[in-house]
Engineer: 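Handing you this structure, nothing more for now.
Below, read A as the first sequence line, B as the second, and so on, with proteins coming before strands; counting in each chain starts at 1. Side chains included, hydrogens not; waters and symmetry mates left out as well; all remaining heavy atoms used.
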2 protein chains.
Amino acid sequence: MLLSLMANTQHDTLSLLFAALADPTRRAVIDALLDGPKPVSALAAPHDMALPSFLKHVDRLEGAGVITTRKDGRVRLCQLHPEALGSAEQWLNRARDRWAGKLDRLAAHLDATAQETKQ
Amino acid sequence: MLLSLMANTQHDTLSLLFAALADPTRRAVIDALLDGPKPVSALAAPHDMALPSFLKHVDRLEGAGVITTRKDGRVRLCQLHPEALGSAEQWLNRARDRWAGKLDRLAAHLDATAQETKQ
DNA sequence: CAAAAACTTAGCCATATGGGTAACTAAATG
DNA sequence: CATTTAGTTACCCATATGGCTAAGTTTTTG
């Protein structure tokens, strides 16, 4: 362990996805793309920020698989891929289910205990 | 704009929440807490990592409102608050709904166009 | 073909993040 | 009461992140 082979910065898909969502600018971009594909400049317009800075956000969204981009002449068109959000939803749903299950088991247990107490 | 008043590191709730979820260790902690409250050390055990490092993750989860902690003697008990995950779910659901709506409108449009073509 | 438009590349900067050690405090325990 | 146990505090370190400017490149356009 003398050398840390640590190339560690959340490279798994879910982490990339949640990280992509953890920024208002990027969420706004996703929001904007829900209406359909748009060029980078159109997306950037509302975001008082230099283009290169904005581009990094686009790259992150692309890196997380949330969008793809293709070049059409000098314009780079961004297209949303909402399916990519699915793994985040799934993770949250599974958590919710497990929690509900826990509460159910708790209720069942309390029920059973109440029964025993009666007898 | 000479001075950047930029105290900017995603301080909004949603960003804090998504950021909290963007790390495997923290997601594992949430997972572990779905069974019920646990002390820090119990949570840390599976995570080959020094305690102080692990504590930072706990702090982040607490900062995002995902868990609360209380001290019981020398032990710090961590408790999950799954409701806190709701805003993330809501954001994703709203995105999904808007996307579905878009597809519906597209279908309607194609339908209408087909009708016109027939006449 | 000159100029504008739409990125791109390259580099800089401050702060945040994820990890670590060392040393300390406070509560249980033998 | 001496020792463990369970955190906690106070740093340090490398890399990532989010922003910037300056200087390209490649298409359009006038």
Engineer: Report yes if a donor N or O on one partner sits less than 3.5 Å from an acceptor N or O on the other, where the partners are the side chain of A:S53 and the base of D:dG18; otherwise report no.
Structural biologist: no
Engineer: Decide whether B:Q79 and B:T68 meet the rule of one side-chain donor and one side-chain acceptor closer than 3.5 Å.
Structural biologist: no
Engineer: Between B:H57 and C:dG19, does any side-chain N or O lie under 4.0 Å from OP1 or OP2?
Structural biologist: yes
Engineer: Would you call A:E89 and A:R94 a salt bridge, using N to O less than 4.0 angstrom?
Structural biologist: no
Engineer: What are the residues of residues 24-44 of chain B, sorted by number, that bring a heavy atom to within less than 4.0 Å of DNA chain C?
Structural biologist: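 Per residue number, the list reads B:R26.
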Engineer: What integer distance in Å separates A:F54:CZ from D:dG18:P?
Structural biologist: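 Computing the A:F54:CZ to D:dG18:P distance gives 13 Å.
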Engineer: Quick check for you: to the nearest 0.5 Å, what is the distance between A:L80 atom CG and A:K38 atom NZ?
Structural biologist: 10.0 Å
Engineer: Rounded to whole angstrom units, what separation is found between the NE2 atom of A:H11 and the P atom of C:dT17?
Structural biologist: 17 Å
Engineer: Using side-chain contact (heavy atoms from CB on, under 4.5 Å) as the criterion, list what pairs up with B:P52, not counting sequence neighbours.
Structural biologist: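 B:P52 satisfies side-chain contact (heavy atoms from CB on, under 4.5 Å) with B:A50 only.
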Engineer: Determine the minimum heavy-atom distance between A:W91 and B:D31, stating which atoms define it.
Structural biologist: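 Answer, listing the atom of A:W91 first, then B:D31: CZ2-OD1, 3.9 Å.
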Engineer: Between OG of A:S53 and NE2 of A:H47, what distance do you get to the nearest 0.5 Å?
Structural biologist: 12.5 Å
Engineer: Expressed as a whole number of angstroms, how long is the span from B:D59:CG to C:dT17:P?
Structural biologist: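 Value for this atom pair: 12 Å.
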Engineer: Give a yes or no on whether the backbone of B:L21 and the side-chain of B:R26 come within a donor-acceptor separation of less than 3.5 Å.
Structural biologist: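 No.
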Engineer: What protein N or O atoms touch nucleotides 12-14 of chain C N or O atoms at under 3.5 angstrom, if any, and at what distances?
Structural biologist:
none

Engineer: Using whole Å, what does the distance between atom C1' of nucleotide C:dG18 and atom CG of B:L51 come to?
Structural biologist: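 From B:L51 CG to C:dG18 C1': 15 Å.
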Engineer: Got a salt bridge between B:D59 and B:R76, using NZ or NE/NH1/NH2 to carboxylate O under 4.0 Å?
Structural biologist: yes
Engineer: Take the protein atom CG of A:L61 and the nucleotide atom C1' of D:dT17, then report the distance between them rounded to whole Å.
Structural biologist: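 Interatomic distance, CG of A:L61 to C1' of D:dT17: 14 Å.
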Engineer: Rounded to the nearest angstrom, tell me the gap between atom CD in B:Q10 and atom P in C:dT15.
Structural biologist: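 Those two atoms, CD and P, are 16 Å apart.
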Engineer: Please, which pairs that meet salt bridge (charged side-chain N to carboxylate O under 4.0 Å, His left out) have at least one residue in residues 10-25 of chain B, sequence neighbours excluded?
Structural biologist: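 Sorted pair list: A:R27-B:D12.
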Engineer: Not counting sequence neighbours, which residues clear side-chain contact (heavy atoms from CB on, under 4.5 Å) with A:A32? List them please.
Structural biologist: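 Scan of A:A32 (side-chain contact (heavy atoms from CB on, under 4.5 Å), adjacent residues dropped) gives A:L43.
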Engineer: Taking atom C1' of C:dT17 as reference, at what distance in whole Å does atom CZ of A:R60 sit?
Structural biologist: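 Spelled out: CZ on A:R60 to C1' on C:dT17 is 12 Å.
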Engineer: Given atom CG of B:L55 and atom P of D:dT9, what is their separation to the nearest angstrom?
Structural biologist: 9 Å
Engineer: Is any side-chain N or O of B:K71 closer than 4.0 Å to OP1 or OP2 of D:dA6?
Structural biologist: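 Answer is no, no contact under 4.0 Å.
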Engineer: Minimum heavy-atom separation for A:F18 and A:A88, please, with both atom names.
Structural biologist: CE2-CB, 3.7 Å
Engineer: List every contact pair, protein side and nucleotides 24-30 of chain D side both N or O, where the distance is under 3.5 Å.
Structural biologist:
from, atom 1, to, atom 2, distance (Å)
D:dT27, O2, A:R74, NH1, 3.2

